[in-house]
2 protein chains.
Amino acid sequence: MRGVMLHAPGDVRVEEIDDPKITAPTDAIIRLSATCVCGSDLWPFRGADPVDQPMPMGHEYVGIVEEVGNEVTTVKPGQFVVGSFVASDGTCEICRSGYPSSCAHRVFMSLVGTQSERALIPHADGTLVATPGMPDTDMIPSLLAASDVLGTGWFGAVAAEAGPGKTVAVVGDGAVGLLAVLAARQLGAERIIAMSRHEPRQALAREFGATDIVTERGDNGVAKVKELTGGLGAHSVVEAVGTQESMHQAMRSTRPGGHVGFVGVNHDVTLSGEELFFSQIHLLGGPAPVRRFLPDLIQLIWDKKINPGKVFDLALPLDQAAEAYRAMDERRAVKALLTV
Amino acid sequence: MRGVMLHAPGDVRVEEIDDPKITAPTDAIIRLSATCVCGSDLWPFRGADPVDQPMPMGHEYVGIVEEVGNEVTTVKPGQFVVGSFVASDGTCEICRSGYPSSCAHRVFMSLVGTQSERALIPHADGTLVATPGMPDTDMIPSLLAASDVLGTGWFGAVAAEAGPGKTVAVVGDGAVGLLAVLAARQLGAERIIAMSRHEPRQALAREFGATDIVTERGDNGVAKVKELTGGLGAHSVVEAVGTQESMHQAMRSTRPGGHVGFVGVNHDVTLSGEELFFSQIHLLGGPAPVRRFLPDLIQLIWDKKINPGKVFDLALPLDQAAEAYRAMDERRAVKALLTV
């Protein structure tokens, strides 16, 4: 089958790779309907993560089940499924407590790769959720978004305790940040401040529910959020970038007793214990426990109450994956969908 | 009046200082019944915090109101009161949200000093709570503990979400750590692991409700907590020291999705954003919002349901403050009370 391999920073190739095979009775194999490029795929593409040998790429996926191992009971061949970017057994104590992305037996799908015609999904019962029926083509981008970016933005907003009466600030205007805005709106936030300097992204943020746009960054961005919140800072701040600057911006935009949900994969970030102590903010982050939210997110999409697929502003066939990476790297696209 | 001044690291003197005077209509002046030495008083005593000029010491206090400003309405002369180690106005949005120690107008009492015959208490209405009547002498140590160490241990346990069904680990066997054990028990925790290598402190931890004692530290301590919790780590961990090692020990002893409440004043601590991200733990710390808990804590003490005053294993007259500091510095005493 065809699949995307990264040979070196900047060197994305679509080439023949081995077909997946069921090896555990809890595995499933899906035929991809669509996959996409994630902001975190850009880390190795840009050389910020090492590329020691050719690596399969991608971890977001929707598609049709082709085959299941003999212990899989919740999905069956022919069903359309959405799954988390982290495979989880669904039965361990950590999964049951709501943190399947920290499952004792988790498999990061980025190690398996999903930018390909077919994909092996470990722990199928704990990872996949079938849709109520076969979706229309125009619903596929939104279902695909649920696999990671929507689920991640949602977790950011939940971790930041966005809700009624709250002012929520979102640091980062990539797909995750934009969908954190959508999540904060769905969770009932009163005021949502999107931090973005990019006009088309500001427009999408407003469409998703942002009430205010802050274009300033760093200390100036913090000052602006404080100005909008009576000098106190936001109740809830979602960090959706993962750099030192964005983490500082998020923490310093939060009022004492407030909550930061940080979902940008941290790279070379260090935090001062003293600052954290005296800021008296709640911190929670990490790989989003998408599977916890998937049933609800799929229903919201199925009922056309949300349209997170709007974050895809570029769609290309799988064979043109290299161009999809370049477009996102150069910020010509917010997020690129790959049709399979 | 007599008061404790620190002239240089190790140089504690009891000397004549100015009597306090009401300067704001929200001030009160109390005559101290007892005060004490805090673990955080040892930072400048040991030279870990700079001592640029002679500084008044102490921030824990109970006593009798002598005088109040003309806007003070909730306490009056003659009442016995307990107050937080952070004075707070009680009316700002941060105070009303439950974080008076981050009050927009807070005053750290350590800057005022309470190891003296009298003390000025700013924001008296937002800071002090009167007891139901004049306490017996033997209840004074427990009421004094509520002013900081009990309130701080309590906040650590609340921030760590100690409660029914939870396994709670406490890093640090000073007065705050021991009282975090007591708090976890009161909050209904199922299992409480006290990390201590010091036998008399282990005994007090058991008396306060610890079910397990772990004597190992650092990575070995983490391994032991994991061994006791099915390899997962504790649900709730209280950090009550404030060093790099103790913060790491606390974070790494916590299961994914679990909560760390850190109340040791952080000194030269840095945290890795990557580690925090992938550990997926909740973090909340800072100067304890003692005033939030004071009414309940006073009632528990008044009803003799808890006896936190047991952490005082040394009582000396104010004039012997220097010996009290030395005894705590040399770990001959857990906590020293000063009678005034």
Side-chain angles (χ1 to χ4, degrees), chain A residues 86 92-104 106 108 155 159 161 165 229-233 235 239 242-244 246-248 251 255-289 292, chain B residues 86 92-104 106 108 155 159 161 165 229-233 235 239 242-244 246-248 251 255-289 292:
Chain A
V86 183
C92 76
E93 202 171 326
I94 301 299
C95 279
R96 284 182 284 122
S97 74
Y99 290 90
S101 49
S102 291
C103 169
R106 71 178 170 191
F108 280 99
F155 174 56
E161 302 221 339
T229 53
L232 300 176
H235 299 95
E239 193 287 332
T243 62
Q244 185 74 61
S246 63
M247 279 295 282
H248 276 158
M251 290 170 58
R255 68 179 57 196
H259 292 75
V260 175
F262 65 106
V263 291
V265 183
N266 270 224
H267 276 74
D268 299 322
V269 173
T270 55
L271 306 178
S272 152
E274 284 86 338
E275 177 171 351
L276 202 54
F277 185 86
F278 286 103
S279 64
Q280 195 148 54
I281 54 175
H282 298 73
L283 264 189
L284 173 64
R292 188 207 305 176
Chain B
V86 184
C92 76
E93 203 171 325
I94 301 300
C95 279
R96 283 183 285 121
S97 75
Y99 290 90
S101 47
S102 291
C103 168
R106 71 179 170 190
F108 280 100
F155 174 56
E161 303 219 341
T229 53
L232 301 176
H235 299 95
E239 193 287 330
T243 61
Q244 184 74 61
S246 64
M247 280 295 282
H248 276 157
M251 289 169 58
R255 67 179 57 196
H259 293 75
V260 174
F262 65 107
V263 290
V265 183
N266 269 223
H267 276 73
D268 299 322
V269 173
T270 55
L271 306 177
S272 152
E274 286 86 339
E275 178 171 351
L276 201 54
F277 184 86
F278 286 103
S279 64
Q280 195 148 52
I281 54 176
H282 299 73
L283 218 50
L284 173 63
R292 188 207 306 176

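Proteins get letters first, then strands, A, B, ... in listed order; numbering begins at 1 in each.
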In terms of heavy-atom proximity below 4.5 Å to chain A, should B:Leu271 be classed as side chain, backbone, both, or neither?
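Backbone plus side chain of B:Leu271, per the 4.5 Å heavy-atom cut-off to chain A.
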Side chain, backbone, both or neither of B:Val263 within contact of chain A (heavy atoms, under 4.5 Å):
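It is the backbone, since no side chain atom gets that close.
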Residue, of B:Met247, B:Glu275, B:His267, that accumulates the most heavy atom pairs under 4.5 Å with chain A:
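That would be B:His267.
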What residue in B:Asn266, B:Ile281, B:Val265, B:Asp268 has the most heavy-atom pairs under 4.5 Å with chain A?
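Most pairs with chain A among the choices: B:Asn266.
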Any donor and acceptor pair, going by atom type alone, linking the side chain of B:Arg255 with main-chain N or O of B:Leu232 inside 3.5 Å?
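Here the side-chain-to-backbone pair does not exist.
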Backbone N/O of B:Val86 and side chain of B:Ser101: donor-acceptor pair under 3.5 Å
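Between the backbone of B:Val86 and the side chain of B:Ser101 there is no qualifying donor-acceptor contact (under 3.5 Å).
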If you count heavy-atom pairs under 4.5 Å between each of A:Pro256, A:Ser97, A:Pro289 and chain B, which one has the most?
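Of the options given, most contacts go to A:Pro256.
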Atom CZ in A:Phe155, atom CD in B:Gln280: separation rounded to 0.5 Å?
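Here the rounded value is 4.5 Å.
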Using 30° and 60° as the class limits, which term best fits the ring planes of A:His259 and A:His282: parallel, tilted or perpendicular?
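Ring orientation, 0 to 90° scale: parallel.
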Apply side chain to side chain contact (heavy atoms under 4.5 Å, CB included) to the pair A:Phe277 and B:Val269, showing each step before the final yes or no.
CA-CA 10 Å; A:Phe277 185 86; B:Val269 173; over 6 Å; no
